[in-house]
2 protein chains.
Amino acid sequence: MAGLPRSCRKPEEALLARKKSTTVKDVAAAANVSRATAARALNGYGYVGSAAAERVLEAAARLGYRGNRVAQALRQGDLPIIGFVPGDIQNPFFAKVAHDIDVAARGSQHSLLIASSEEDLEQERALLDNLRALNVRGMIVAPASGKDNQHLARLVREGTPIVLIDRVLEDLPCDSVAVDNEGGAREAVEHLIAHGHRRIALIQDDTRIVTARDRLAGYINALQANGLPVDQRLIAVSSSTVQHAIDATIRLFSQPERPTAVFTVDSVMTTGALLALRSMGLAVPRDVSLIGFDDFDLATFTDPQITVIAQPVGKIGPLAVRMLLDRIRGLSEPPRHVRFPTRLISRGSVSRIFLP
Amino acid sequence: MAGLPRSCRKPEEALLARKKSTTVKDVAAAANVSRATAARALNGYGYVGSAAAERVLEAAARLGYRGNRVAQALRQGDLPIIGFVPGDIQNPFFAKVAHDIDVAARGSQHSLLIASSEEDLEQERALLDNLRALNVRGMIVAPASGKDNQHLARLVREGTPIVLIDRVLEDLPCDSVAVDNEGGAREAVEHLIAHGHRRIALIQDDTRIVTARDRLAGYINALQANGLPVDQRLIAVSSSTVQHAIDATIRLFSQPERPTAVFTVDSVMTTGALLALRSMGLAVPRDVSLIGFDDFDLATFTDPQITVIAQPVGKIGPLAVRMLLDRIRGLSEPPRHVRFPTRLISRGSVSRIFLP
DNA sequence: CTGAAAGCGCTAACAA
DNA sequence: TTGTTAGCGCTTTCAG
């Protein structure tokens, strides 16, 4: 008899043992029908006599029957859940996207499991593996890295519906939703060049992150298209936290030949740059011009306000969910890639420089 | 023979059918051992001959065996997951707490499932029901409402480990981690009173939310302790979004007798109030003094900076996880309630008023 | 050291 | 209309 009470490693644990919840079997017994009939009544399919159905429902209510999704999932193959793996849940961009995904997912009867990779590739692997092992229906992922993505390739190969957001991996055959990072960055830098700036600094993430790489490309392309040199001393790499961005900015401005303008690749970086500049007594845009990728609350609070490259953040989550649901429903078209354009919002943080 | 391929509602769906993943059975077959032996080798318990074990591991690797958590969960009773139900994932307070919980949970081999209630009681019920049906180990919840919490009471009664954060329900017998909302609010308002203010406005959430209720109590207590009247026209209720807070602030200042100071109950409200005041051409603190509950990035970006009541945000998540894990491990002490003190950070947004 | 078999809770094909 | 039964993938006794 394998009938020992499970999970009794230590005696004291038994005290708090969760009350065994009521199962279909209990309900069926209470209603004097078979498990099959009870299940039919509970889930409303097939033929059930109205008398029997009523008894079942009554018993279920009385016993507090709730159903066990894990068992259902084991039986049916998957859980009505989609996973979202953002790079960092604290970044307002991802928080907003997470919220939008949540709303859209809920609208189609799915729960959302958010698991942040914290920009750590190893962690991302573990999380995706977890989600997969849980048999979620599909996943929306902002990959932490542009390289070493065999784990993603494998998931795709195995048929798990996946939609990439924000960071596209060209060689991965799955849908993606992102913005024109290269174009946006190029526009930002060209805006600075058009205002006479020549020493333009870049504060960016590790180029392992795809968006950082693309925005760097935009920066370089803009410079080269205008015959300006790419000076490595003007490029600061920092992880995307306010404190790191502060340090990077200070380093940048501790050099003999200071930049006259700064382009920051996300709103966290922009926040850090603003704080650093202020602490160094540099006024924007009098001493330094500033333009940031991604619009954010703070951008309109400074005086003057900050010029930014805005992304249509609110469109990303809902579209990603729609695409994912298509795949979950079995759509087998070739991968679709959507790239939204960005938009330069000119505020007051860029000044005109007159060349000698 | 119930051997029909499942899930073939429509023929085209079959095309994309997820590749059936390899099971212990496959591995066992490939290694020429029984399922039991394979399981033993895979999970490293019991006696397994080293030759057999090696064959199993090799076969598992070759076949790409990954394990099925759902089945494990069904067998073992629960999933190594904890759930977090914040009021609103976009609120930076909850985003930070979510991040902290994530880190702490991961440290103890648990995944985190974040499901935001969006301050909707009905939604919260559905989400908690989902989590419960998934057999998660425990949940950390910021209840959307101070009333109508039978759903929570029931979960607790059934033995699901639950820790409340930010918003404590006194009559619910479970652990909680929060801050001294009443005391913090009182200190804020007393600070304003000490600076000579008499017409002090409050911008707050619906009092259905426990923190809003407690902070309102602090506001009222401070006024009464100082012999000041509570004027309903000075109390604006708004849901916690920037736009709603803007509207509420404008309404407040459209009255004949304007307040000389404003106390906002969270950082989103504070952001909204700042935007509204600026749009009305009112300078802080020249025309209006301002103090907000909860410190946030923006508070140090305005000129002058904003005086706030700071909470030890970083301590809440980790402690909640620790308490939850205790319960999961079977701790059966009576409920523990932790309340952190708040701290007034005086910056420049409160001016002294000289009475006539 | 290994294998057979039971059973977690649920659903659904099939028989009655 | 209802009941019987198989089985999802896994772990774990118990008997070899």
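Atom set for the values below is all heavy atoms of this structure, side chains included, hydrogens, waters and symmetry mates excluded. A note on names: the letters A, B, ... follow the listed sequences, proteins ahead of strands, and every chain is numbered from 1.
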Engineer: For residues 45-55 of chain B, which residues have at least one heavy atom under 4.0 Å from DNA chain C?
Structural biologist: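 Contacting residues: Y47(B), V48(B), G49(B), A52(B).
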
Engineer: Is the backbone of T160(B) close enough, under 3.5 Å, to the side chain of R137(B) for a donor and an acceptor to pair up by distance?
Structural biologist: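 Not at all, since once roles are kept as given, no pair shorter than 3.5 Å links the two residues.
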
Engineer: For DNA chain D, determine which residues of residues 61-74 of chain B have any heavy atom closer than 4.0 angstrom to one of its atoms, and list them numerically.
Structural biologist: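 Correct list: Y65(B), G67(B), N68(B), A71(B), Q72(B).
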
Engineer: Under the side-chain contact (heavy atoms from CB on, under 4.5 Å) test against P143(A), which residue among I209(A), L152(A), V168(A) passes?
Structural biologist: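 Option passing the side-chain contact (heavy atoms from CB on, under 4.5 Å) with P143(A): L152(A).
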
Engineer: SG of C174(B) to NE2 of H337(B): how many Å apart, nearest 0.5 Å?
Structural biologist: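 So the SG of C174(B) and the NE2 of H337(B) are separated by 7.0 Å.
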
Engineer: Check the pair S116(B) / D88(B) against side chain to side chain donor-acceptor pair (under 3.5 Å), numbers first and verdict last.
Structural biologist: CA-CA 6 Å; S116(B) 173; D88(B) 171 11; 4.8 Å; no

Engineer: dG9(C) P sits how many Å from D78(B) CG, rounded?
Structural biologist: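 Computing the D78(B):CG to dG9(C):P distance gives 12 Å.
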
Engineer: Give a yes or no on whether the backbone of S117(A) and the side-chain of E124(A) come within a donor-acceptor separation of less than 3.5 Å.
Structural biologist: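 No, the answer is negative, given that no donor and acceptor are paired below the 3.5 Å cut-off.
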
Engineer: For atom CD of E58(A), decide whether the heavy atoms of other residues, nucleotides or ligands shown that lie under 6.0 angstrom number more than 12.
Structural biologist: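 Buried by this count: over 12 neighbours within 6.0 Å.
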
Engineer: Measuring from L121(B):CG to N149(B):CG, what's the distance to the nearest 0.5 Å?
Structural biologist: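 Rounded to the nearest 0.5 Å, the CG-CG separation comes out at 6.5 Å.
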
Engineer: Please list, by residue number, the residues of residues 23-41 of chain B whose heavy atoms come closer than 4.0 Å to an atom of DNA chain C; answer none if no residue qualifies.
Structural biologist: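 Contacting residues: V33(B), S34(B), R35(B), A36(B), T37(B), R40(B).
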
Engineer: Run the side chain to side chain donor-acceptor pair (under 3.5 Å) check on H99(B) and E118(A) step by step: do they pass?
Structural biologist: CA-CA 9 Å; H99(B) 167 262; E118(A) 307 301 307; 3.0 Å; yes

Engineer: Is there a donor-acceptor contact under 3.5 Å from the side chain of R55(B) to the main chain of A31(B)?
Structural biologist: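 Looks like yes, one N/O pair under 3.5 Å.
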
Engineer: Is there a donor-acceptor pair under 3.5 Å between the side chain of N43(A) and the backbone N or O of A39(A)?
Structural biologist: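 Yes, N43(A) side chain to A39(A) backbone: donor-acceptor pair under 3.5 Å.
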
